[in-house]
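Positions are given from 1 along the sequence.
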Amino acid sequence: MKKVLVTGGTVFVSRYLAEYYIAKGYEVYVMNRNHREQSEGVRLVKADRYNIGNALGGMHFDLVIDTAYTGQEVRLLLDALDSYTDYVLISSSAVYPEYGQQPFREDSVLARNRFWGNYGTEKIEAEKVLLERNPDAYILRPAYLYGPMNDIYREAFVFDCALAGRKFYLPRDGKMKLQFFHVQDLCRLMDAVLNSRPARHIFNAGNKDTISVRDWAELCYKIAGKQAEFVEVFEETDQRNYFCFDNYEYCMDVSEQDKLLADTKRMDEGLRESFEWYQKNESQVEKMPYLDFIDRSF
């Protein structure tokens with residue numbers, strides 16, 4: 001039985017990853033501070049990743065899946081690991097600067113993105129530290145992730161508006177396009193990479209096709225059983241006050257991913273999974289005060 005270590009393991013991406021590999025019959029360890037409920041079937045390594053100590057001593061892992069935010073987090077984990085075979089870092093599309101030439105390729109310039117700020121620059125450092133220490137490791141750079149267990153108030157915000165029978169406030173004409181990737185496809189891509197062991201070690205991860213925010217919101221309403229009615233907002237106001245994405249449109253080239261993963265989940269199918277999960281787990285989503293701002297301002 002393969003042993004997998006997942007850092008975190010209690011919210012969204014890391015929790016989904018842990019449960020995905022449990023379902024595959026792997027022996028899954030999660031490393032966290034035990035401040036949240038653990039998934040059924042995982043083995044807990046209770047540790048703060050900034051003070052791991054000997055918590056991983058004497059253990060071998062066939063696969064380490066790290067959701068590290070900083071280079072220091074990667075460095076400390078590598079120092080604490082006794083033995084492992086494969087290491088995959090979940091990075092982010094935030095490593096590409098907003099002014100870069102699009103679609104972003106894996107060899108595009110990396111720099112600070114003004115919309116992502118320190119999150120992006122720290123992911124760049126995490127990648128750098130990992131490849132300096134282990135050139136054989138793999139790095140995945142996903143677009144906006146969605147699907148069950150998403151505790152970020154994105155599709156759940158639209159579902160709330162739909163279920164409340166509210167009009168949906170769109171930035172301008174709603175033509176801004178976004179690139180998404182279902183969290184299960186992230187797991188499938190990781191499997192494909194580890195099974196084929198390509199010479200390339202960095203992969204963009206995302207749906208080939210982007211979707212406008214209008215079409216995305218309309219699809220969320222439809223899945224909730226409602227018809228969307230839109231209000232276009234042209235006022236000079238920060239759209240993050242009333243909308244769940246920054247005023248930033250980007251697209252990554254995922255042709256390298258496509259060589260390993262021929263198909264990705266359809267948006268309607270993936271959003272339906274999100275909706276079904278949200279209906280049973282609303283309390284797990286960290287809600288933002290978008291509706292309060294809308295009611296005060298428009």
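Between E273 and K265 there is a salt bridge, since a side-chain N of the basic residue sits under 4.0 Å from a carboxylate O of the acidic one. A salt bridge does not link D151 with R15: none of the charged nitrogens is closer than 4.0 Å to a carboxylate oxygen. Salt-bridge annotation for D107 and R105: present, with a side-chain N of the basic residue lying under 4.0 Å from a carboxylate O of the acidic one. Remark: D185 engages R188 in a salt bridge, criterion side-chain N to carboxylate O under 4.0 Å. With respect to the salt-bridge test (charged N to carboxylate O, under 4.0 angstrom), the residues D66 and R49 qualify. D86 and R197 are joined by a salt bridge, as a carboxylate oxygen and a charged side-chain nitrogen come within less than 4.0 angstrom of each other. Salt-bridge check for E229 with R166: failed, with every basic side-chain N at 4.0 Å or more from each acidic carboxylate O.
Side chains of Y278 and N150: a donor-acceptor N/O pair is absent below 3.5 angstrom, by distance only.
Residues P148 and H182 approach most closely at CD-NE2, 3.6 Å, considering heavy atoms. Contact record, Y146 with S274: CD1-OG, 3.9 Å, taken as the closest heavy-atom pair. Of all the heavy atoms in A94 and W116, the pair that sits closest is CB-CG, 3.3 Å.
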Worksheet item: Given the rule in the ring pair (Phe, Tyr, Trp, His ring centres under 6.0 Å) test, do W216 and F180 qualify, once you have shown the distances and angles that lead to the verdict?
Response: CA-CA 10 Å; W216 174 75; F180 288 96; 5.7 Å; yes
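Ring geometry, Y169 versus F298: the interplanar angle falls under 30°, so the pair is classed parallel (tilted spans 30 to 60°).
At least one side-chain heavy atom of L163 sits less than 4.5 Å from a side-chain heavy atom of F275.
Between the side chain of E27 and the backbone N or O of V4 there is no donor-acceptor pair closer than 3.5 Å.
Aromatic rings of F61 and Y84 (six-membered ring for Trp) have centroids beyond the 6.0 Å cut-off, not under it.
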